[in-house]
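Everything below concerns the one structure shown next.
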Amino acid sequence: PFRRPDPGRPQRRHLDAVLADQPALVGRVDTFEPPVQPAKDRAEADRHYRSKQKRHTLKSQVTSDELTGPVVASAASVPGPTADITLLKDSKLLDRLPTGMGIGGDLASVGADKLPAAGRAATPRRKPRRQERPAADIDDNRAFARRRVGVAHTIGLMRRYQALTQVDRHHRQHHTA
């Protein structure tokens, strides 16, 4: 791709200024895993067990507006061990977003730009195998993290509502998973 030369720091437009001109440009995607009680059926309970968290969970996906912060879309809950990229693909979130709105995710969403109807997705860069991370990647990932922190704050606000944080006592009666 063609890249214009960098005009230098004083003349460079910051990403905040560019996005302010186009407020519906980017939504940030992230997931969180509220704990649930194990099902009585052993096979069903195993589907929801997340070994990383050492408990049974459901995975919920949230998309928030990058500039203003409120939730603009959410997906149906799935069992905890589901990968974030699989949840993004199965939720068809990219099809439901307004025209011209892209998404940004974390390293769990790497590959989102290769999904059908994507091309509007951005993720941080992974470290190359058996090599040091290039300085340009470090700077890009740091800028990306600054933009992505908004969705983490939105999830934090949601978690203050104790119904999302405490263990579900009703055995997933109103969940799709």
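Side-chain atoms are counted along with the backbone in the values below, which use heavy atoms only and exclude waters and symmetry mates.
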Check your understanding: Just wondering, do Val29 and Gln61 contact through their side chains at under 4.5 Å, heavy atoms?
Key -> yes

Check your understanding: Looking at side-chain heavy atoms only, is the closest gap between Pro34 and Ser60 below 4.5 Å?
Key -> yes

Revision key, fill the gap. In short, salt bridge (Lys or Arg N to Asp or Glu O under 4.0 Å) pairs touching residues 70-88 with sequence neighbours left out are Lys59-Asp84

Any idea which heavy atoms bring [X] and [Y] closest together, and the distance?
X: Glu44; Y: Ala39; value: CG-CB, 3.6 Å
X: Arg55; Y: Tyr49; value: N-CE1, 3.6 Å
X: Val62; Y: Val151; value: O-CG2, 4.1 Å
X: Arg133; Y: Lys127; value: NH2-CB, 3.4 Å

Review point. Do the side chain of Asn141 and the main chain of Arg125 share a donor and acceptor less than 3.5 angstrom apart?
Key: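 Pair found, side chain donor or acceptor close to backbone of Arg125.
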
Review point. Crowded around Glu132 CD? As in, over 12 foreign heavy atoms under 6.0 Å?
Key: no

[atom1] of [X] to [atom2] of [Y]: how many Å apart, nearest 0.5 Å?
X: Leu87; Y: Thr31; atom1: CG; atom2: OG1; value: 7.0 Å
X: Arg28; Y: Asp106; atom1: CZ; atom2: CG; value: 10.5 Å
X: Asp90; Y: Ile85; atom1: CG; atom2: CD1; value: 10.0 Å

Check your understanding: Just one of Thr82, Val78, Leu58, Thr57 clears the side chain to side chain contact (heavy atoms under 4.5 Å, CB included) bar with His48, so which one?
Key ->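 Exactly one pass, corresponding to Leu58.
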
Practice item. Apply side chain to side chain contact (heavy atoms under 4.5 Å, CB included) to Val71 and Met158, showing your working. Key: CA-CA 10 Å; Val71 174; Met158 291 171 61; 4.0 Å; yes

